[in-house]
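Below you'll find the structure, written out as structure tokens, and then a few comments.
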Amino acid sequence: MTRRADLTSARLPRGFADRGQTELAATRAMTDKIRETYELWGFEALETPFFEYTDALGKFLPDQDRPNAGVFSLKDDDDQWMSLRYDLTAPLARHVAENFQKLAKPYRSYRFGPVFRNEKPGPGRFRQFLQFDADIVGAASVSADAEMCMMMADTLDALGLRGKYVIKVNNRKILDGVMEAIGLGGEENAGRRLTVLRAIDKLDRLGAEGVRALLGQGRKDDSGDFTKGAGLTPDSIDTVLSFLLVQSGALTPLQDVTNMAPAQRSEGDVMTFKTPEGSPSYFVESNQGIVDSLRVLFADNPTSREGIDELAQIAALAEASGYKRDRVRLDPSVVRGLEYYTGPVFEAELTFTVHDDEGRPIQFGSVGGGGRYDGLVGRFMAEDVPATGFSIGVSRLQAALRALKGEEEKATGPVVVLVLDRDHIGASMAQAAKLRAGGIAAEVYLGSSGMKAQMKYADRRKSPCVVIQGSDEREKGEVTLKDLVEGAKAAAAITERAEWTESRPAQVTVPEHRLVEEVKAILARRD
RNA sequence: GCCGCCAUAGCUCAGUUGGUUAGAGCGCUAGAUUGUGGAUCUAGAGGUCCCUGGUUCGAGCCCAGGUGGUGGUACCA
């Protein structure tokens, strides 16, 4: 024995988790359904390694001071930086560029696996987690984007979430145009545009007034921390907010907005556009209505107009295929992937609320998203390669499903063959072998404890049934089978010890040659 | 990264103004029960009171730093 002081502490690195039988089974059930859906849509499998050269991953170039900021990186023995992948899109771009000649384009592929992020873990947030992506590379048309949205909807339907999610769709070009219109165009304003996008991304959490503060001077949060704002003028803020609020119903009716020129507004006026109590808000209730109002508000700018047209096409294609607004919904407040998306962006949001152990509501929110990234493959090749795709956060979605459906029943364990007489363990092993030959999961008890402990063991293994053969049975060429599930039910009613020991509920003694079929009969009661 | 809160048995938690061998419930192991999961009763095992240093005659308790967790915030491909 190692001296106590010298023991190594058995501990998992922060932000990583072991996953047991129950969780793995749930993951498998989920990923089977996702894979099935993707394949129905004609996507083929691809696997790439966990490691890539750091420069291939894109954003995080090797930085001498902080090579591990955000990603896990290490130097190969030839001094090249390698990193653990932080998503599945960058490796796909690399694969496509590297094998461009061989692939049939448009290339429809999917991939599944763990990705790694070196950042602060939180509840439900790990440094290793699972993603399941699908992408179409080499199709520039918005019909590809529309397909991605519809397939995402199909996938969530297949997982039993129909009516409990919505795929929100937006187009980055509209916002780009809006920002051009308020004087944030051009390379020199890239930083401020990013600040605006970040502010917009917080609409859910902070509400319109929080976003207004972040678009203006800045905002002080509850912990006293100050976040510097984008420094927009009140007019510009109104313009941006009016864009975001198109979908929320806050801007109805349409005429009220269009009757007031932007120059007439003063700070705070956006909120005064709210619908008066009970007045109609017909146009936000449909995707077409959102397109219409976007056209009225923002079509002056050519970039915005292009984005609106694309958005309209996606909505029309989805609609024509039977995906109504309850599944695929236009929503100008979705930004996502601040840096690299170039056109349509989408986000799968769960719309239900569950409560945690302490009864507090949890909003799961986004469980996946994606969009068009026409620039990503182009980093590796002279020619531009259009691409669109999305990613499902499997770990997060699984947590949501668990919260929704409750803990999955632990899968049934094997039949346990008890060993009452260690000298005859060979007979026990032969019985287990027969069961396996009959297609029944079975194991021989290999510990050193007595019968009572063996029963307890079988119970914990969630064994459906135990095989008992002591000297009594052996002499008669018999085995006793105990149905543990029925037995537990019978036991619940018993309070007297004597009754407990004598009734021996839910067990039968049968000739040994009938072992397999009798066990099958017990198992059949489960199904 | 920044701000706050927390850390005692496998789990959930008590622990007095700083005072001798640190407790409970649940769980675990075993026995009562000659061959049966549950219930009941009995016994047992299980602790670096997160770590390091400081104050004190004396620290689970007070102080400082660290680590871990947690809540908010920032970042998020």
Side-chain angles (χ1 to χ4, degrees), chain A residues 4-5 7 9 11-15 52 54 57-60 66 69-71 83 85-91 93 115-123 125 127 129 131 194-195 197-199 201-202 205-206 210 214 218-228 335-341 357-358 360 366 369-371 373 376 391 393 416 418-421 449-463 465-474 480-507 509:
Chain A
R4 187 168 205 103
L7 291 173
S9 62
R11 63 202 184 106
L12 207 50
R14 208 154 72 86
E52 294 281 348
T54 304
L57 290 180
K59 190 179 169 189
F60 294 92
R66 301 176 64 201
V71 292
S83 298
R85 64 189 185 192
Y86 53 78
D87 69 13
L88 299 175
T89 310
V115 300
F116 305 84
R117 295 185 188 180
N118 190 5
E119 54 191 26
K120 179 188 163 187
R125 192 167 170 172
R127 292 155 97 193
F129 55 95
Q131 291 193 334
L194 202 54
T195 308
L197 290 179
R198 283 178 191 145
D201 206 19
K202 295 186 177 70
R205 199 152 41 86
L206 303 180
L214 286 172
R219 173 177 178 274
K220 188 175 241 176
D221 64 53
D222 297 341
S223 73
D225 222 22
F226 184 76
T227 310
K228 196 171 180 305
V335 287
R336 285 200 71 84
L338 307 175
E339 308 273 17
Y340 72 56
Y341 289 126
D357 300 340
E358 278 137 43
R360 291 176 301 197
S366 169
Y373 49 99
L376 210 55
S391 175
V416 174
L418 304 194
V419 178
L420 300 192
D421 190 344
S449 302
M451 182 169 181
K452 191 180 172 98
Q454 295 188 36
M455 288 299 297
K456 240 172 150 167
Y457 170 82
D459 194 34
R460 276 196 204 165
R461 289 299 312 273
K462 293 268 190 284
S463 176
C465 166
V466 294
V467 176
I468 304 166
Q469 188 181 50
S471 52
D472 294 353
E473 288 93 349
R474 188 163 49 246
T480 295
L481 306 177
K482 177 154 186 167
D483 181 334
L484 293 186
V485 180
E486 286 304 314
K489 281 184 205 156
I494 299 174
T495 53
E496 291 297 314
R497 173 70 203 172
E499 189 187 349
W500 169 255
T501 49
E502 277 163 37
S503 71
R504 303 232 167 135
Q507 65 183 58
T509 300

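A, B, ... follow the sequence lines: proteins, then strands. Residue 1 opens every chain.
Comparing B:rG35, B:rG37, B:rA77 by their closest approach to the side chain of A:Arg504 singles out B:rG35. For A:Lys120, the side-chain atoms get nearest to B:rG72 when compared with the rest of B:rG37, B:rU36, B:rG72. Comparing B:rG35, B:rC75, B:rG37 by their closest approach to the side chain of A:Lys202 singles out B:rC75. Proximity note for A:Leu420 (side chain, C-beta onward) versus B:rA39, B:rG35, B:rC76: the nearest is B:rG35. The A:Trp500 side chain lies nearest to B:rG38 when the options are B:rC75, B:rA74, B:rG38. In this structure, of B:rA77, B:rG35, B:rG37, it is B:rG37 that holds the atom nearest to the side chain of A:Lys456.
Rounded to an integer number of Å, the gap from A:Glu502 CD to B:rG35 C1' is 14 Å. Put simply, CZ on A:Arg474 is 13 Å from P on B:rG35, counting in whole angstrom units.
Looking at A:Arg497, its side chain comes within 3.5 Å of the base of B:rG38 through a donor and an acceptor atom. Remark: the A:Glu473 side chain and the B:rG35 base include a donor-acceptor N/O pair separated by less than 3.5 Å. Counting distance only, with no hydrogens placed and no angle test, the side-chain atoms of A:Arg125 and the base atoms of B:rC76 include a donor-acceptor pair under 3.5 Å.
Residue A:Asp421 is classed as having no contact, given no heavy-atom separation below 4.0 Å to the nucleic acid. In this structure, A:Ser471 reaches the bases: a heavy-atom distance under 4.0 Å links it to at least one base atom across the strands shown. No engagement by A:Leu418 is indicated, since no non-hydrogen atom pair under 4.0 Å with the nucleic acid exists. Looking at heavy-atom distances under 4.0 Å, A:Gln507 makes contact with a base. Here A:Ala488 lies in heavy-atom contact (under 4.0 Å) with a base. Note on A:Thr501: nothing from the nucleic acid sits closer than 4.0 angstrom, heavy atoms only.
Within the structure, every side-chain polar atom (N or O) of A:Arg14 is placed at least 4.0 Å from both OP1 and OP2 of B:rU67. Remark: A:Arg198 is not in phosphate contact with B:rU73, judged by side-chain N or O atoms under 4.0 Å from OP1 or OP2. Between A:Arg460 and B:rC28, a side-chain N or O to OP1/OP2 separation shorter than 4.0 Å is present.
Lacking a ring centre under 5.5 Å from that of the base six-membered ring together with a plane angle below 30°, A:Tyr340 does not count as stacked on B:rA77.
Looking at residues two or more places apart in sequence or on another chain, you find no salt bridge (Lys or Arg N to Asp or Glu O under 4.0 Å) involving A:Arg497. When the salt bridge (Lys or Arg N to Asp or Glu O under 4.0 Å) test is applied to A:Asp472, no partner is found at least two apart in sequence or on another chain. In this view, A:Arg14 satisfies the salt bridge (Lys or Arg N to Asp or Glu O under 4.0 Å) rule with no residue, not counting sequence neighbours. Listed by chain and number, the residues in a side-chain hydrogen bond (donor to acceptor under 3.5 Å, both in side chains) with A:Gln454 amount to none (sequence neighbours excluded).
With a 3.5 Å limit on both pairing distances and Watson-Crick or G-U wobble geometry required, the stems of 3 or more pairs in RNA chain B span B:1-7 with B:67-73, B:10-13 with B:23-26, B:28-32 with B:40-44, B:50-54 with B:62-66.
Side-chain atoms of A:Thr480 and A:Gln507 form no donor-acceptor pair, as typed in the model, at a separation below 3.5 Å.
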Walk along nucleotides 40-45 of chain B from 5' to 3' and tag each nucleotide B, S or - by protein heavy-atom contact under 4.0 Å, base first, then sugar-phosphate. ------
